[in-house]
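The figures here come from the full heavy-atom set of this structure, side chains too, leaving out hydrogens, waters and symmetry mates. The chains referred to below are lettered A, B, ... by the order of the sequence lines, with proteins before strands, and numbering in each begins at 1. Quantities reported herein were computed from a predicted structural model and do not represent experimental measurements.
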Protein chains: 2
Amino acid sequence: MLTELFLKGRLRQNLSPEETGALEASVRRTLTVPPRKQLIERGQRIDNSYYLVEGSMLRYVDNRRGERQLVSVAIPGDFVDLHGYPMKRLDHAVGTLTACVLAEVPHPAVTQLIEKFPHLGRAMWFSTLLDGAMHREWIFRLGSLNAESRIAHLLCELMTRLRFVEMFDGRNFPIPLLQRDYAEACGITPVHANRSFKSLRERGALILQGEGRIEILDEALLVKLAEFEGDYLYGSGDLQLSEMTDY
Amino acid sequence: MLTELFLKGRLRQNLSPEETGALEASVRRTLTVPPRKQLIERGQRIDNSYYLVEGSMLRYVDNRRGERQLVSVAIPGDFVDLHGYPMKRLDHAVGTLTACVLAEVPHPAVTQLIEKFPHLGRAMWFSTLLDGAMHREWIFRLGSLNAESRIAHLLCELMTRLRFVEMFDGRNFPIPLLQRDYAEACGITPVHANRSFKSLRERGALILQGEGRIEILDEALLVKLAEFEGDYLYGSGDLQLSEMTDY
DNA sequence: CGAGAAGTTGACGCGGCTCAAACACCGTGG
DNA sequence: CCACGGTGTTTGAGCCGCGTCAACTTCTCG
């Protein structure tokens, strides 16, 4: 079941066996990509989308000085560039963070999927809108928080999302973002990211183990520092997409 | 033709007469809303979406100190909270900037629309993804630019979008955002927004006429300061959604 | 003519940037 | 075996962009 995590991590509802079967069948092939490799550049036309089975990926835009601004971190279960299906080209670059296993889904297959299963189509629409919600919170992070809180906020989001796909044990943070990645995500310099991590360490919130390995010690403290409210991830049971199928 | 601007501003392609007729017919009523009035609060469940016919609106999230972070500025032709159709509740607040005329579209009507016109459904999906693209650029703005460039970048985006709906004459900027609104959009204080505008004025980029009225003098200079590349608005003729209908 | 909202400006402090150096760890090759 | 370079992390010193606090002006409207 390649797409099993898609359900847990992104769709927020159950699909019928026919729908999951059709989704599974629309995968043309799977491929393995080495770490830190750019797959798509800004402006590139695409006619496949990639579902992330294993590993983690980054989406980013570059400014004219070659500096990178991260806009998204993808984890297993994310349909990384499904928005490329309606948009036809991407306004940002996509690359791997770690080695990744990807499932390739051709856009014509998506068209067939959603025409045959309109309900699945709305679910896929929803999954692309979750990116929008996460982008909005990313804007909040950059516009309203200081450096230390920005990092805490990003960690909180990722911990919450990782729990959806059962990839976080409460201590060992499984995404090996380097300090310069946090800097590029949070709009600060790597030096200042380091100082912010030092402060988080001194507060007892986490332990750094080098090369992006982080051990979480006090999640509640991170949530408090970040003013984190996870409702924007639409994970609560009583507000699921399935309610809309009543229409 | 209430929804005429939707085509120009958001859909980036042509619709058939049947499609536009059905879209038009799905409007239950139009309503007028006074300026600076909040319509929807974060977390609120919705079962209508609003298409903006006239005026301008803001979308924002609040932090726990009551400070406001803008995440979007809506102009005529925008389907302000169409993403609320698949999501069922909003993760942000929505309010008017000026007095607005809104067209109310019930969500069940949207379901009927997209089931009868799958092509229109994909077009509406696209229009919600345009928000995502603008959000990403908003992240870039906050994460990679200084205060003066952030304001310039926001102005550039809005000028470009206003041109799509033929609402910008090249001089008089028709959205009366106050300096504190620019501050809330750009993650700076109102005082510093004022100093940044002063700098833009001294460069000869624009003239401030009070109460949010701005006259644009040197658009090229603003584009340069902002490192603005408008391709993310998907306005270029050769990359329109219509190409995907080949599938 | 008083009150409030928007804009403007100055003085001062702090958060984050820049430049620089040093340290830890690892894989490679002599 | 150790020397070595590369990468990631850590820390210090000094500076600057932006925040804070406060005063003042202008305009509008009651």
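For the pair B:N194 CG and D:dC21 P, the computed distance is 18 Å after rounding to whole Å. Here D:dG8 presents its C1' atom at 13 Å from CD1 of A:I214, a figure rounded to the nearest Å. With rounding to whole Å, A:L97 atom CG is found 11 Å from D:dG8 atom P. Between the CG atom of A:L200 and the P atom of D:dT9 there is a distance of 15 Å, rounded to whole Å. We find that OH of B:Y182 is positioned 14 Å from C1' of C:dG7, with the value rounded to whole Å. In this structure, CZ of B:R180 is placed 8 Å from C1' of C:dA5, rounded to the nearest angstrom. One interatomic measurement links the two molecules: CD of A:E184 to C1' of D:dG8, which rounds to 14 Å at whole-angstrom precision. Look at CD on B:Q179: it is 16 Å from P on D:dC18, rounded to the nearest Å.
By the 30° and 60° cut-offs, the orientation of the rings of B:H153 relative to B:Y232 is parallel. Ring geometry for A:H83 against A:H92 counts as parallel: the plane angle stays under 30°, on a 0 to 90° scale with 60° as the upper cut.
Counting non-hydrogen atoms under 4.0 angstrom, A:R201 reaches the backbone sugars and phosphates but no base. Within 4.0 Å of A:R36, counting heavy atoms only, lies no atom of the nucleic acid at all.
Rounded to the nearest 0.5 Å, atoms CE (A:M87) and OH (B:Y234) are 4.0 Å apart.
You'll find that the side chain of A:L178 is closest to D:dG8, out of C:dT8, D:dT11, D:dG8.
One finds no salt bridge joining A:D218 and A:R203 here, because no Lys/Arg side-chain nitrogen approaches an Asp/Glu carboxylate oxygen to under 4.0 Å. Ion pairing of B:R163 with B:D169 is absent here, as no side-chain N (NZ or NE/NH1/NH2) approaches a carboxylate O to less than 4.0 Å. Classification of B:E157 and B:R161 as a salt-bridged pair holds, one side-chain N sitting under 4.0 Å from a carboxylate O. A salt bridge is absent between B:R68 and B:D181; no separation between the charged side-chain nitrogens and carboxylate oxygens falls under 4.0 Å. With salt bridges taken as basic N to acidic carboxylate O contacts below 4.0 Å, one links B:R65 and B:E67.
Sorted by first and then second residue, the ring-ring contact (aromatic ring centres under 6.0 Å, His included) pairs with a member in residues 58-77 of chain B form an empty list; sequence neighbours excluded.
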Find every protein N or O atom lying less than 3.5 Å from an N or O atom of nucleotides 13-16 of chain C, and list the pairs.
unit_1	atom_1	unit_2	atom_2	d
C:dG16	OP1	A:A147	N	3.0
C:dG16	OP2	A:H192	NE2	3.1
C:dG16	O5'	A:H192	NE2	3.3

Can you name the atoms? Protein N/O to nucleotides 23-30 of chain D N/O, anything below 3.5 Å, with the distance.
none

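One N or O donor and one acceptor, one from the side chain of B:R195 and one from the base of C:dG10, sit under 3.5 Å apart.
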